[in-house]
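Any value given below was found using the heavy atoms of this structure, including those in side chains, with hydrogens, waters and symmetry copies removed. Order of listing sets the numbers, starting from 1, for every ligand and every atom in it. Computed from a predicted model, the values in this text were never measured in an experiment.
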Amino acid sequence: MSPRIRVPALAALLCTLAAAPAFAAVDFTVNVDAREVARGLLHVTQSFPGRSGTVSLSYPRWIPGEHGPTGPTVDVSGLVVRAGGKVVPWRRDLVDMQTIRVDVPSGAKSVEVAFDFLLDNGTEGFTSAACATPNLLLLSWNEVAFYPTGGKSDALRCEASLTLPDHWQHGTALESGPASGATIKFRSCTFTTLVDSPVLCGRYFKTVELAPGDSVPVRMRMACDSEEGLNIPDSQVEAMRSLVREARGLFGTQHFHHYDFLITLSEHTAHFGLEHHQSSDDRGRERWWLDDDLRRSHSNLLSHEYVHSWNGKFRRPVGLATGDFHTPMQGDLLWVYEGLTQYLGFVLAARSGIRTPDEARDALASVAADMEAHRGRGWRPLVDTGTEAQLLYGARNSWEYARRSTDFYDEGLLLWLDADVLIRTLSKGQKSLDDFCKRFHGGPNHGPEVKPYTLNDVIAALQATWPYDWAGFLRQRVYTVQAHAPTNGITAGGWRIAWKDSLGPIQKAREVANKTVEEGYTLGIRVDDKEAKILDVVPHSPADDAGVAPDMKLVGVNGRKYSSDVLRDAIAASPRSGRVELLCENKEFYKTYVLDYRDGSRHPALARDNGVRDHVSEILAPHAK
Ligand SMILES: [Zn+2]
């Protein structure tokens with residue numbers, strides 16, 4: 001038996017809508033008119049059962065998967081509330097900015113709410129960032145719906161509709177009811193399900209079946225700013241079908257009735273992924289499928305979000321399973337929620353062929369070297385990057401090597417590789433983290449459900465997989481400050497970090513896609529190539545020792561105007577010159593910094609250690625029959 005999150009229907013609702021009339025088949029409706037999406041406007045109307053007295057409504061604040069209070073309240077505009085056919089004044093709570101109240105006159109059978117949602121054009125902020133162009137829209141329902149204050153989202157039933165521009169198609173995990181012109185009416189569902197089920201729609205749209213003939217359909221739905229961008233190569237379709245088989249093999253089960261990858265392909269939306277139980281919101285560049293560097297730079301996204309259906313949506317830390325959108329979340333177990341997902345997404349991308357073995361090893365070398373450069377581990381334990389995640393997601397990039405950021409992703413990958421290789425080593429190959437996953441994420445497919453866990457549940461499942469001092473293992477790596485990144489999984493897995501004078505395929509793809517130059521392992525700087533700006537400086541590196549700081553403009557290198565080639569030529573020549581000079585502009589003031597560096601070009605790579613069993617290759621090899 002699994003302790004599902006279930007709240008007695010309407011219990012919490014009674015305090016705000018005590019006299020909800022019996023005619024209400026649902027607790028509220030949400031109708032979105034997206035025909036002005038090209039202008040960045042969504043027109044919203046909502047209807048709630050009426051009663052006399054004060055009615056309190058709230059706008060979702062804490063957004064699942066974003067792990068923070070990121071609901072874009074400031075983009076609600078033109079709010080008008082009517083009751084009994086008359087406009088009634090609303091007032092905002094003085095402390096809770098997401099909650100409004102209205103006094104409803106007696107006899108009003110409903111409360112009607114109308115507002116515009118103003119779509120953001122910025123690229124920072126996850127779902128509240130850019131999600132639309134004149135050709136497409138990713139609709140997140142939490143942005144267009146108030147709900148009765150205090151209501152538990154599993155207990156609230158709602159009915160939604162969406163009106164699209166002419167000739168647009170759509171995809172979503174929601175069940176559609178009868179169509180009515182350009183308006184799609186969705187079957188009533190809980191508010192949890194609605195918020196968990198975004199809709200992708202657009203003029204240029206394509207659906208690809210990933211589990212043809214299977215009783216549990218899995219599909220890719222893609223909306224793009226061009227028709228050309230939808231031309232996914234057959235080899236990538238095959239890799240995605242393999243991902244579905246490999247994930248089912250890894251967990252031994254699924255916890256969804258159907259699954260939709262909702263893939264936005266645009267240069268004008270934010271680029272990230274957000275997990276849902278039966279779908280994922282995956283936003284990439286327009287030419288993701290056409291450009292090898294862009295494809296490689298996105299090559300961990302879809303497997304990561306897919307894993308979340310098991311790890312994050314089905315199994316969820318108690319502190320993140322809040323049951324509504326107002327209770328503050330606690331992120332101290334994000335090294336499991338996101339860290340294990342980052343590891344399993346990395347593993348499945350390799351097993352499925354989304355990444356070649358060479359690409360997978362390159363990604364692993366890059367993560368290990370990058371985490372080693374994050375020296376903030378010496379003052380802040382890994383757990384704290386999760387605890388403070390609600391702030392760290394929005395923190396600026398500068399001083400990240402010193403401050404740490406949301407390191408529970410990539411350090412989590414190294415941590416769980418360490419655990420996987422340890423289980424394989426101790427059990428002499430009998431057991432692996434695959435067995436842990438079948439135990440921790442297994443069970444029959446009841447469709448979407450939440451089974452919360454604590455730290456002790458994680459330790460117990462590891463212990464049941466193979467006996468070991470797992471509490472001590474985690475205490476050292478997660479809860480204690482450390483000098484170095486946890487790279488035991490690489491070395492005990494048969495490989496070691498080596499250095500090459502050229503970029504690996506994933507490193508090159510990321511530099512091309514992100515327009516950055518990574519020299520954290522030589523001079524100790526990361527450069528924004530487009531803006532010719534120092535993004536960050538590694539503590540105790542030659543750049544740090546010389547006094548270079550983040551946000552300085554990189555004007556010249558060794559007396560010549562900056563370009564990435566000029567910088568890399570200077571680094572390559574450093575064994576002969578014994579130094580690299582950087583001319584930087586710091587708030588209108590110029591200074592030349594002389595960096596004591598003579599080790600030449602260095603880019604991380606993995607080299608095989610023939611004396612140790614190659615667990616890493618065994619982990620990354622295809623498993624599904
Ligand atoms: Zn994630």
*With 2.8 Å as the limit, jot down which protein N, O or S atoms are around the Zn ion (ligand 1).*
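Less than 2.8 Å away from the Zn ion (ligand 1) sit His304 NE2, His308 NE2, Glu338 OE1.
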_For Arg375, all residues meeting side chain to side chain donor-acceptor pair (under 3.5 Å), sequence neighbours excluded_ = none
Indicate yes or no: at least one non-hydrogen side-chain atom of [X] is less than 4.5 angstrom from one of [Y].
{"X": "Tyr453", "Y": "Pro317", "result": "yes"}
{"X": "Arg526", "Y": "Tyr401", "result": "yes"}
{"X": "Phe408", "Y": "Val478", "result": "no"}

*Considering only NZ, NE, NH1 and NH2 on the basic side and carboxylate oxygens on the acidic side, decide whether Arg510 and Asp293 come within less than 4.0 Å.*
no
*Think Arg315 forms a cation-pi with Phe440, using NZ or CZ under 6.0 Å from the six-ring centre and within 45 degrees of its axis?*
yes
